[in-house]
Amino acid sequence: MNVKTRIAPSPTGRFHIGTARTALFNYLYAKKTGGCFCIRIEDTDKERSKVEYETEILEGLAWLGLEADEFVRQSERAPRHAELLQRLIDEGKAYISDELSHERAFDTIDRPRRDMNKVMNLRTQVIRLKNPGKEITFRDEIRGDITFDTTELGDFVIARSISDPLYHFAVVVDDMDMGITHVIRGEDHISNTPRQILIQGALGAPRPIYAHLPLILNEKRAKMSKRSGDTVAIMDYRAEGLLPEAFNNYLALLGWNPGDEREYFTLPELCEAFSLERVQRSGGVWNREKLLSVNQHWMREMDDAMFAKEVHGMGDFDIDSIHKVVSLLKERAHTFKEAHDMLEADLRCLFEEPALDRTALVKKEPVDRAGLTKIALSELKAHITSLADDATADDAKSALMPYADAEEEKGKGGRGAVLWPLRYALSGQERSPDPFTLIALLGKGDTLRRIDAALALLS
RNA sequence: GGCCUCAUCGUCUAACGGCUAGGACGGCGCCCUUUCACGGCGCAAAUCGGGGUUCGAUUCCCCGUGAGGUCACCA
């Protein structure tokens with residue numbers, strides 16, 4: 001069988017985490033089996049569908065690298081929907097039902113004393129499916145057999161009018177026409193499945209294979225939703241500087257596992273390893289910490305030029321400056337936003353002259369160490385002066401550590417009595433990279449200037 | 001509430017019916033470093049409860065309990 005899957009988002013909201021994961025699983029399954037992955041925009045709700053949402057969803061899918069083999073917009077299939085709706089009516093499997101419009105009927109309850117003419121005007125027509133009222137059992141690839149009694153559904157509405165089909169009807173028709181073989185979707189669709197099977201029955205459509213994915217839960221264990229205040233828009237994560245590689249990796253491992261202990265996967269690796277059998281049955285709680293950790297992993301895998309470009313994109317920091325500190329950023333940042341912020345925090349001293357504080361410089365209990373600090377800095381200055389102009393951090397370390405070690409031997413303040421003033425003189429910060437890295441990055445000239453500035457503070 | 005689904009460390013998860021119940025994230029501790037981060041090493045941390053079946057249940061069955069989903073002329 002030639003596998004064909006689809007992601008069928010409705011453009012009535014932003015590109016959601018859940019949609020992304022459903023798309024990913026559909027994509028993985030299709031690619032794993034050599035099948036075809038389709039995108040179908042479900043825009044039958046003309047009131048709520050918006051082009052900007054469609055655009056965002058499509059951009060999001062592209063960003064994740066979930067390229068579709070086929071693209072359909074449901075609204076473009078209206079004639080086909082009307083045709084089959086009419087056929088069902090002609091065959092007596094569906095009927096036009098005269099009734100009070102749903103919302104207007106509600107109005108009427110509030111204002112019961114309307115005159116008869118008005119009430120007559122409230123009448124409207126909908127199309128309902130004749131429900132044979134039987135028990136339906138379908139097999140779910142992830143959960144096994146699921147049985148529903150469909151009599152309680154009654155003759156449910158499948159269209160507002162011949163030209164205005166509802167979700168259930170459009171889905172069934174389109175899945176049939178497109179030849180969708182596997183419907184992989186969220187668990188929240190389980191209860192929709194029996195009525196769609198009923199429509200398939202009326203249409204004589206084949207029943208696809210169903211697989212209902214566990215939901216993504218928030219820390220309160222409820223379905224992730226914008227309403228509950230969860231960050232569910234993929235584009236918000238992208239804006240923060242998360243990588244699509246990290247997203248796919250994290251999303252895949254939330255509700256699926258490869259059966260071995262690998263944790264990091266590229267998209268092609270996921271395609272290779274994926275199987276529906278190893279999809280989890282229970283919902284997974286969204287864990288931002290883990291996402292960030294996965295993101296850090298993929299950030300470190302990037303080449304430096306790309307990395308610098310991403311950081312540059314988070315603000316207006318000079319690209320060449322960023323380039324110099326990529327390795328520092330790679331070891332610290334979990335997102336590109338974080339990386340950018342570090343340029344203005346812990347790494348600030350690399351780009352602007354620090355404002356030194358005398359107390360912090362000579363910091364150390366219990367007596368005034370200004371004298372000792374002064375000696376240490378002078379000594380360091382001598383060592384640094386003899387460094388090559390393009391000394392690396394390792395060079396600086398091997399030139400200066402022996403001196404610091406010697407102080408350690410003597411007791412007194414130990415290495416710290418040397419290393420602290422050095423690092424502080426160069427950074428003016430309580431937290432910063434180590435002094436040797438600072439020397440290498442600042443260059444000999446700036447390094448000496450900063451030491452002189454510190455020395456001046458002590459005289 | 002009806003119907004449906006689910007149930008292993010805090011979280012994501014592994015474990016042909018047979019192990020000291022494994023890994024990852026997070027946490028904690030130690031080392032490295034008198035900063036921060038990285039890194040290394042280590043520790044704590046779980047089979048929801050009760051019945052069965054079995055020589056033996058995390059694993060199979062039943063009943064509880066808990067959690068979630070869904071009950072539109074939205075998708």
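Every chain is numbered from 1, with letters handed out A, B, ... down the list of sequences. Computed from heavy atoms alone, side chains included, the values below leave out hydrogens, waters and symmetry copies. Please read all numbers here as calculations on a predicted model, not as lab measurements.
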Trainee: Side chain of A:Asp43, base of B:rA75: donor and acceptor closer than 3.5 Å?
Mentor: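 No.
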Trainee: When you measure only distances, ignoring hydrogens and angles, does the side chain of A:Arg332 come within 3.5 Å of the base of B:rC36 through a donor and an acceptor?
Mentor: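 Donor-acceptor pair under 3.5 Å: yes.
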Trainee: Is there a Watson-Crick or G-U wobble partner for B:rA45 with both distances under 3.5 Å, and if so, which one is it?
Mentor: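 Answer to the pairing question: none, since B:rA45 forms no Watson-Crick or G-U pair.
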Trainee: By nearest heavy atom, map A:Lys220 and A:Leu291 onto RNA chain B; which one lands nearer the 5' end?
Mentor: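 Nearest-nucleotide comparison on RNA chain B picks A:Leu291.
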Trainee: I need the CD-C1' distance between A:Glu263 and B:rC12, as an integer number of Å.
Mentor: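 Atom-to-atom, A:Glu263 to B:rC12, this comes out as 8 Å.
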Trainee: So, OP1 or OP2 of B:rC25: does either fall under 4.0 Å of a side-chain N or O from A:Asn287?
Mentor: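 No.
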Trainee: Any strand counts, and the cut-off is 3.5 Å on both contacts for Watson-Crick or G-U wobble. Which nucleotide pairs with B:rG17?
Mentor: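 None - no nucleotide pairs with B:rG17, as no candidate has both distances under 3.5 Å.
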Trainee: Could you please name the partner base of B:rG1, counting Watson-Crick and G-U wobble pairs only when both distances are under 3.5 Å?
Mentor: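 In the structure as shown, B:rG1 has B:rC71 as its Watson-Crick or wobble partner.
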Trainee: Within the structure, does a side-chain N or O atom of A:Arg278 lie under 4.0 Å from either OP1 or OP2 of B:rA15?
Mentor: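 Result: yes.
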Trainee: Taking the C1' atom in each of B:rA14 and B:rU47, what is the distance between them to the nearest angstrom?
Mentor: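 Here B:rA14 and B:rU47 have their C1' atoms 12 Å from each other.
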Trainee: Under the criterion side-chain contact (heavy atoms from CB on, under 4.5 Å), which of A:Glu54, A:Arg48, A:Glu47, A:Glu42 is the partner of A:Thr12?
Mentor: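 It is A:Arg48, the one option of A:Glu54, A:Arg48, A:Glu47, A:Glu42 that forms the side-chain contact (heavy atoms from CB on, under 4.5 Å) with A:Thr12.
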Trainee: Rounding to a whole Å, what distance do you find between A:His168:NE2 and B:rC73:P?
Mentor: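 It works out to 9 Å between those atoms.
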Trainee: Tell me whether the side-chain N/O atoms of A:Ser282 come closer than 4.0 Å to OP1 or OP2 in B:rA67.
Mentor: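 For B:rA67, neither OP1 nor OP2 has a side-chain N or O of A:Ser282 closer than 4.0 Å.
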Trainee: Specify the separation, in whole Å, of atom NZ of A:Lys223 and atom C1' of B:rG68.
Mentor: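 So the NZ-C1' distance, A:Lys223 to B:rG68, works out to 10 Å.
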Trainee: Hey, which of these two, A:Asp188 or A:Tyr167, hits RNA chain B nearer its 5' end, going by closest nucleotide?
Mentor: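 Between the two, 5'-proximity favours A:Asp188.
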Trainee: Would you say a side-chain N or O of A:Arg128 is under 4.0 Å from OP1 or OP2 of B:rA72?
Mentor: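 No, outside the criterion.
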Trainee: Check the phosphate of B:rA14 against A:Gln280, side-chain N and O only, distance under 4.0 Å to OP1 or OP2. Yes or no?
Mentor: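 Looking at the OP1 and OP2 atoms of B:rA14, one of them is under 4.0 Å from a side-chain N or O of A:Gln280.
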Trainee: Answer yes if the ring centres of A:Trp286 and A:Tyr237 are under 6.0 angstrom apart, and no otherwise.
Mentor: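 Distance test on ring centres: under 6.0 Å, yes.
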Trainee: Cation-pi check, A:Arg21 to A:Phe25: give yes when NZ or CZ is under 6.0 Å from the six-membered ring centre and within 45° of the ring axis, no otherwise.
Mentor: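 Yes - A:Arg21 lies over the ring of A:Phe25, closer than 6.0 Å to its centre and within 45° of its axis.
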Trainee: Nearest 0.5 Å, what's the CG-NZ distance between A:Asn295 and A:Lys290?
Mentor: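 A:Asn295 CG to A:Lys290 NZ: 14.0 Å, rounded to 0.5 Å.
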Trainee: Once you round it to whole Å, what is the distance between P of B:rU70 and CG of A:Leu153?
Mentor: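 That distance rounds to 16 Å.
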Trainee: Assess the pair A:Phe247 and A:Trp298: is the distance between their ring centroids shorter than 6.0 Å?
Mentor: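 No, ring centres 6.0 Å or more apart.
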Trainee: Side-chain donor or acceptor of A:Arg281 under 3.5 Å from a matching atom on the base of B:rC6?
Mentor: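 No pair found.
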Trainee: What is the distance, to the nearest angstrom, from the CZ atom on A:Phe436 to the P atom on B:rU33?
Mentor: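 Checked: the CZ to P distance equals 10 Å.
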Trainee: Taking atom C1' of B:rU70 as reference, at what distance in whole Å does atom CD of A:Gln196 sit?
Mentor: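 Distance, rounded to whole Å: 13 Å.
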Trainee: Rounding to an integer number of Å, can you tell me how far A:Tyr210 OH sits from B:rU5 P?
Mentor: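 After rounding, the gap between these two atoms is 16 Å.
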Trainee: Indicate whether OP1 or OP2 belonging to B:rU11 is found under 4.0 Å from a side-chain N or O atom of A:Arg288.
Mentor: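 Looking at the OP1 and OP2 atoms of B:rU11, neither is under 4.0 Å from any side-chain N or O of A:Arg288.
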Trainee: Give the minimum heavy-atom separation between A:Lys223 and A:Ser228, together with the two atoms involved.
Mentor: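 Between these two residues, the closest heavy atoms are O-OG, 4.1 Å.
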Trainee: What is the base-pairing partner of B:rC25, counting Watson-Crick and G-U wobble geometry with both distances under 3.5 Å?
Mentor: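 Across all strands, the one nucleotide that pairs with B:rC25 is B:rG10.
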Trainee: So, does A:Arg160 get its side chain near the phosphate of B:rC74, meaning an N or O under 4.0 Å from OP1 or OP2?
Mentor: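 A:Arg160 to B:rC74 OP1/OP2: side-chain N or O found under 4.0 Å.
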